[in-house]
Colleague: 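I'd like to ask you about the structure that follows.
As a basis for the values below, the full set of heavy atoms in this structure was taken, side chains included, without hydrogen atoms, waters or symmetry mates. Whatever order the structure lists ligands and atoms in, that order sets their numbers, starting from 1.
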Amino acid sequence: MNYEPVIGLEVHAQLRTKSKLFAPASTTFGASPNANTSEICLGMPGVLPVLNDHAVQLAVRAALGLNCTVHQRSQWSRKHYFYPDLPKGYQISQYDRPIATDGHLKINLESGEKIVRIERIHMEEDAGKNVHDSAITGNRSYVDFNRAGIPLVEIVTKPDIHSPEEASTYMKALRQILRYLWVCDGNMEEGSLRCDANVSIKPIGQKELGTRTELKNINSFRFVSQAIQYEILRQAEVLDRGEKVTQETRLWDSQAKMTRSMRSKEEAHDYRYFPDPDLPDLILEEKMISEIRTHMPELPAEKILRYTQELELSEYDAFVLCEDADVAEFFEAAINRHHNSKTIANWVINDVLRAIKGQPLSALSFSGEDLGTLVSLIDNQTISGKIAKDVFQQMLATGENPEQIVESKGLKQLTNQDEIESIIDDILTKNPENIDKYKAGNTKLLGFFVGQVMQQTSGKANPKLVNELLQKKLS
Ligand code: ADP
Ligand code: MG
């Protein structure tokens with residue numbers, strides 16, 4: 001291909017508040033249609049918006065986490081358009097004076113690190129949703145205002161992204177940071193994180209950017225890269241035919257795996273932006289910003305560094321544990337209970353993550369502390385590593401704590417030397433020919449004897465002790 005793709009992303013992230021941006025109505029997902037509304041969300045005449053200050057704090061956190069300049073004065077603007085899910089006829093948004101500008105996010109590509117510049121972050125309210133699904137509504141269309149007025153930040157990049165992979169990597173990194181910051185739950189299926197992708201191509205080496213199309217409302221990492229990939233090839237075909245790319249808004253059809261034209265692109269003037277006369281400028285005290293700055297949580301990059309340097313984990317382990325904020329928190333709870341980072345890291349990666357198979361950690365019925373206790377029981381020789389695997393299965397199934405399980409099932413390790421020795425003697429008497437073979441050089445038979453002892457003791461004998469005693473007796 002003789003073209004270079006240029007991509008800029010606009011990501012809408014739902015702020016993790018209990019109530020809406022300008023109304024007391026709830027933001028709980030999955031409520032029955034129109035249960036989460038109020039006069040304000042419905043655009044009734046005579047009502048006035050009241051700003052949710054928690055939403056503002058979350059937006060500031062997002063801005064600081066993305067290395068932006070937070071502006072002490074920003075402005076609310078009305079963005080007008082006509083649509084049934086927008087009863088006021090305008091969205092309250094920010095336009096030429098957003099809350100934050102000029103940030104960046106570092107992403108890790110196979111080819112190395114890359115910095116994606118962030119142009120601006122502005123706050124706005126979400127619109128409602130038209131429901132056209134005939135299975136639900138018959139021949140009618142209904143409107144659900146539950147999302148109307150939900151607080152969002154829109155995070156807009158510079159056109160710094162140059163491939164579908166870079167776009168999806170950026171999306172993943174952004175979601176990760178927003179989840180670490182507790183700003184957005186990142187749940188793409190529930191619409192908490194959505195992306196519009198602006199895509200253009202230009203002949204390689206040309207400075208001037210080509211005409212872009214805007215792909216709307218993409219709600220998965222896979223769709224981001226598929227939609228952009230499709231669009232790059234489509235535009236290349238248009239240019240190769242000697243035609244021009246039309247500036248327009250397109251939709252990704254994930255069934256047909258293609259983008260479709262939705263409408264010609266609106267320009268800012270189509271929206272008749274003007275400052276919202278119902279709302280004063282948003283003024284942030286320096287004190288409030290620095291308060292939020294001092295309470296910023298540790299972000300993934302710093303965490304990975306601490307895990308490798310202070311906890312001496314491998315890069316790989318640190319990376320896997322830090323991928324998701326909940327997993328890192330679980331791991332830290334476990335090592336606070338019992339200081340054995342390396343073993344606990346292995347348990348989290350090989351056992352916990354495998355057991356939950358991509359489900360959220362909250363699905364587990366035991367805590368990080370419980371895992372810490374389990375590993376402490378191995379380390380203080382109460383149970384063997386093998387028995388620990390069984391205890392772990394039981395924890396998964398019932399949520400019981402490990403000490404309880406060990407106690408009630410009588411799983412405590414057998415460490416009494418005399419007791420083990422008498423079991424060994426018994427086994428040796430029963431297997432004289434294997435002793436001869438062992439002495440004749442077939443040392444692999446040690447495993448046979450260990451196995452017999454473990455069987456006799458239902459796996460409870462201390463394996464190290466069994467090995468030592470057997471070797472002594474056989475030599
Ligand atoms: P609008 O508000 O109309 O969506 P903006 O100028 O704010 O337009 O740009 C929105 C996004 O489009 C930004 O992420 C920007 O980086 C990106 N963008 C702008 N021009 C181009 C282009 N020619 N090709 C690809 N992306 C572009
Ligand atoms: Mg746009």
Colleague: Any idea which atoms of ligand 1 are less than 4.0 Å away from a heavy-atom of V6?
Modeller: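 In order of numbering, the contacting atoms are 24 (N), 25 (C).
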Colleague: Any nitrogen or oxygen of E119, side chain or backbone, less than 3.5 Å from one on ligand 1?
Modeller: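 Between E119 and ligand 1 (N or O atoms, distance only) the closest approach is not under 3.5 Å.
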Colleague: Where is the tightest heavy-atom contact between A227 and L215, given as atom of each residue plus distance?
Modeller: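 Shortest heavy-atom contact: O-CD1, 3.7 Å.
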Colleague: What atoms in ligand 1 come closer than 4.0 Å to a heavy atom of L209?
Modeller: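 That gives atoms 22 (C), 23 (N) of ligand 1.
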Colleague: Which atoms of ligand 1 are found less than 4.0 Å from any heavy atom of P159?
Modeller: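 Checking each atom against P159, I get 16 (O).
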Colleague: Considering residues at least two apart in sequence or located in another chain, which fulfil the ring-ring contact (aromatic ring centres under 6.0 Å, His included) criterion with F145?
Modeller: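 F145: no ring-ring contact (aromatic ring centres under 6.0 Å, His included) contacts found.
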Colleague: For atom 15 (C) of ligand 1, which candidate among T157, T211, T213, N198 holds the nearest heavy atom?
Modeller: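 Going through T157, T211, T213, N198 one by one, T157 has the nearest heavy atom to atom 15 (C) of ligand 1.
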Colleague: Does an N or O from V156, backbone or side chain, lie closer than 3.5 Å to an N or O of ligand 1?
Modeller: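 Between V156 and ligand 1 (N or O atoms, distance only) the closest approach is not under 3.5 Å.
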Colleague: Show your reasoning for whether side-chain contact (heavy atoms from CB on, under 4.5 Å) applies to L181 and L58.
Modeller: CA-CA 8 Å; L181 292 167; L58 293 178; over 6 Å; no
Colleague: Can you list the atoms of ligand 1 that are under 4.0 Å from a heavy atom of L9?
Modeller: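 Atoms satisfying the 4.0 Å criterion: 14 (O).
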Colleague: Can you establish whether the number of heavy atoms outside E39 located under 6.0 Å from its atom CD is more than 12?
Modeller: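 Atom CD in E39 is not crowded, with 12 or fewer foreign heavy atoms closer than 6.0 Å.
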Colleague: For Y230, is the NZ or CZ atom of K257 found under 6.0 angstrom from the centre of its six-membered ring and inside 45 degrees of the ring axis?
Modeller: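 That pair does not qualify as a cation-pi contact.
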Colleague: Checking ring-ring contact (aromatic ring centres under 6.0 Å, His included) between Y95 and each of Y273, Y271, W76, which is the one that passes?
Modeller: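 Answer after filtering Y273, Y271, W76: Y273.
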Colleague: Would R78 count as a cation-pi partner of F274, with NZ or CZ less than 6.0 Å from the six-membered ring centre and within 45° of the ring normal?
Modeller: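 Geometry flag: not set, cation outside 6.0 Å or 45°.
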Colleague: I'd like to check whether G210 has a polar contact with ligand 1, where a contact means an N/O of the residue lying under 3.5 Å from an N/O of the ligand.
Modeller: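 Among all N and O atoms of G210, at least one is under 3.5 Å from an N or O of ligand 1.
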Colleague: Counting heavy atoms only, which part of K158 comes closer than 4.0 Å to ligand 1: side chain, backbone, both or neither?
Modeller: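 K158 to ligand 1: backbone contact only, side chain stays beyond 4.0 Å.
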Colleague: According to the interplanar angle, ranging from 0 to 90°, do the rings of F392 and F366 count as parallel (below 30°), tilted (30 to 60°) or perpendicular (above 60°)?
Modeller: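 The rings of F392 and F366 stand perpendicular, inter-plane angle above 60°.
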Colleague: Would you mind telling me if ligand 1 is within reach of the side chain of R120, the backbone, both or neither, using heavy atoms under 4.0 Å?
Modeller: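 It is the side chain that touches ligand 1; the backbone stays farther off.
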Colleague: With heavy atoms of E10 as the reference, note each atom of ligand 1 found under 4.0 Å away.
Modeller: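 In order of number, 4 (O), 10 (C), 11 (C).
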